[in-house]
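Bear in mind that the values here come from a model prediction, so they are computed numbers and not experimental data. In what follows, every heavy atom counts, from backbone to side chain, and hydrogens, waters and symmetry copies are set aside.
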Amino acid sequence: MRTTGLVTHADPKSPVAEAYRILRTNIEFSSTDRKIKVILVTSSGPAEGKSTTAANMAIAMAEANRRVLLIDCDLRKPAIHRMFGLVNIKGLTNILVEGLKYSDITNVTEVENLEVITSGPKPPNPAELLGSQRMKELLDKVREDYDVVIIDTPPVLPVTDAAVLSQYVDGVVLVAGYGLTTFEAAAQAKASLQKVNAKILGVVLNGVPTDRRGGYYYYYYYYYDEHGRKKKRRSSTMQQPISMDGMSVSRSEGMNL
């Protein structure tokens with residue numbers, strides 16, 4: 001299994017791995033009225049670390065002896081299969097389109113207690129598939145069979161997939177990239193999710209460098225497109241932790257996701 005980005009598995013004693021265990025604990029205690037079993041992870045825009053956060057959250061929960069299923073519901077730009085070194089010939093879209101049993105295409109990983117459903121072939125209509133009755137039935141089934149289900153989705157603002165899917169989950173974790181996410185984008189993402197009555201569990205501030213603790217400065221960063229080509233942009237976004245009414249903030253200091 002590849003370990004790129006899976007620091008919780010590759011370096012379990014690191015501060016970043018410990019941050020994910022703290023995130024796990026925070027989620028467990030985020031609701032006293034209802035047990036949180038199905039969790040959706042998204043961000044306002046691309047390249048903010050949502051897939052890495054989802055994968056490491058899943059590992060952290062599996063290491064706590066919970067049976068965990070990680071589903072890649074980013075049918076537009078899937079990443080989970082690469083992170084775990086899995087073949088993505090068959091996956092979620094085969095379940096939703098062909099009616100295959102999810103147990104027939106679930107991947108067992110090297111992480112004890114953690115299984116993965118990859119995205120499968122790209123469909124022409126991702127939002128319609130994710131909002132379908134078959135998707136709801138799948139989540140109802142895996143909710144019974146697993147202790148925790150983590151769902152990786154596309155960003156909220158460019159497409160509606162995450163908002164559509166949020167109606168079937170117990171809570172949403174919103175990932176904000178340090179130096180990437182603007183206050184306006186985070187607020188828009190929050191508003192989009194609240195329009196569909198999504199329960200936002202909190203925000204993970206991602207990629208906070210240990211040598212910079214705030215302030216404003218121009219920040220060069222890189223992102224990769226679907227085919228791995230490197231691009232370069234310049235940003236003047238605020239470097240402070242995001243704080244919005246009604247949203248808790250988890251500052252994942254030192255993460256470089």
Side-chain angles (χ1 to χ4, degrees), residues 1-3 5-13 16-42 50-74 78-88 90-96 99-120 130 134-153 165-173 175 199 201-202 204 250:
M1 183 178 75
R2 298 176 187 174
T3 56
L6 303 182
V7 65
T8 309
H9 179 70
D11 191 5
K13 295 183 179 179
V16 177
E18 181 60 26
Y20 280 113
R21 287 190 282 271
I22 293 171
L23 175 61
R24 177 188 68 200
T25 302
N26 289 344
I27 290 173
E28 289 175 343
F29 287 95
S30 62
S31 176
T32 55
D33 298 328
R34 182 182 180 186
K35 193 170 184 179
I36 304 295
K37 292 194 70 172
V38 183
I39 303 165
L40 184 150
V41 180
T42 189
K50 62 175 184 53
S51 297
T52 308
T53 299
N56 281 282
M57 278 176 53
I59 293 172
M61 291 185 175
E63 290 177 344
N65 294 320
R66 292 169 178 80
R67 192 179 181 208
V68 180
L69 178 65
L70 174 62
I71 307 177
D72 194 345
C73 289
D74 190 339
I80 296 297
H81 65 284
R82 295 193 188 93
M83 299 173 68
F84 286 87
L86 300 172
V87 176
N88 190 28
K90 286 192 175 182
L92 177 62
T93 53
N94 299 97
I95 298 172
L96 300 179
L100 299 184
K101 291 183 179 178
Y102 86 84
S103 55
D104 291 340
I105 59 174
T106 300
N107 298 275
V108 176
T109 72
E110 292 182 8
V111 180
E112 189 175 2
N113 300 320
L114 175 60
E115 297 177 3
V116 172
I117 294 178
T118 61
S119 62
L130 295 175
R134 274 189 176 169
M135 187 69 208
K136 181 180 184 304
E137 292 172 356
L138 170 64
L139 293 182
D140 288 343
K141 178 61 177 172
V142 297
R143 182 189 292 273
E144 296 176 357
D145 296 344
Y146 292 85
D147 297 318
V148 180
V149 179
I150 306 290
I151 298 174
D152 184 32
T153 66
L165 198 52
S166 66
Q167 64 183 315
Y168 300 144
V169 306
D170 299 324
V172 175
V173 171
V175 177
K199 177 179 174 56
L201 300 175
V204 172
S250 175

Should [X] and [Y] count as side-chain neighbours, where that means a heavy-atom distance under 4.5 Å?
X: Lys50; Y: Asp74; value: yes
X: Ile117; Y: Tyr102; value: yes
X: Met57; Y: Thr53; value: yes
X: Glu63; Y: Ile59; value: yes
X: Glu28; Y: Arg24; value: yes

Heavy atoms only: give me the nearest [X]-[Y] pair and the separation to one decimal.
X: Tyr20; Y: Ala60; answer: O-CB, 4.1 Å
X: Val38; Y: Val169; answer: O-CB, 3.5 Å
X: Leu69; Y: Val116; answer: CD1-N, 4.2 Å

Using modelled atom types and a 3.5 Å cut-off, is there a donor and acceptor pairing between side-chain atoms of [X] and backbone atoms of [Y]?
X: Asn88; Y: Gly120; answer: yes
X: Ser119; Y: Leu92; answer: no
X: Thr153; Y: Val41; answer: yes
X: Asn56; Y: Thr52; answer: yes
X: Asn94; Y: Gly91; answer: yes
X: Asp72; Y: Ile80; answer: yes
X: Asp147; Y: Val68; answer: no
X: Asn113; Y: Ala62; answer: yes

Is the number of heavy atoms from other residues, nucleotides or ligands within 6.0 Å of NZ (Lys37) greater than 12?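 Above 12, so yes.
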
Go through it in stages, so that I can follow the logic: the residues are Met61 and Ile39, the test is side-chain contact (heavy atoms from CB on, under 4.5 Å), and I'd like the CA-CA distance, side-chain angles, deciding distance and then a yes or no. CA-CA 12 Å; Met61 291 185 175; Ile39 303 165; 4.0 Å; yes

What's the verdict on side-chain contact (heavy atoms from CB on, under 4.5 Å) for Met135 and Leu96, showing C-alpha distance, side-chain angles and the deciding distance? CA-CA 6 Å; Met135 187 69 208; Leu96 300 179; 3.9 Å; yes

Going by the rule salt bridge (charged side-chain N to carboxylate O under 4.0 Å, His left out), which residues pair with Glu115 if we only count those two or more places apart in sequence or in a different chain?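 For Glu115 the salt bridge (charged side-chain N to carboxylate O under 4.0 Å, His left out) partners, ignoring immediate neighbours, are Arg67.
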
Here's a test for you: under side-chain contact (heavy atoms from CB on, under 4.5 Å), which of Ile150, Val148, Ile151 qualifies with Leu70?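 Answer after filtering Ile150, Val148, Ile151: Ile150.
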
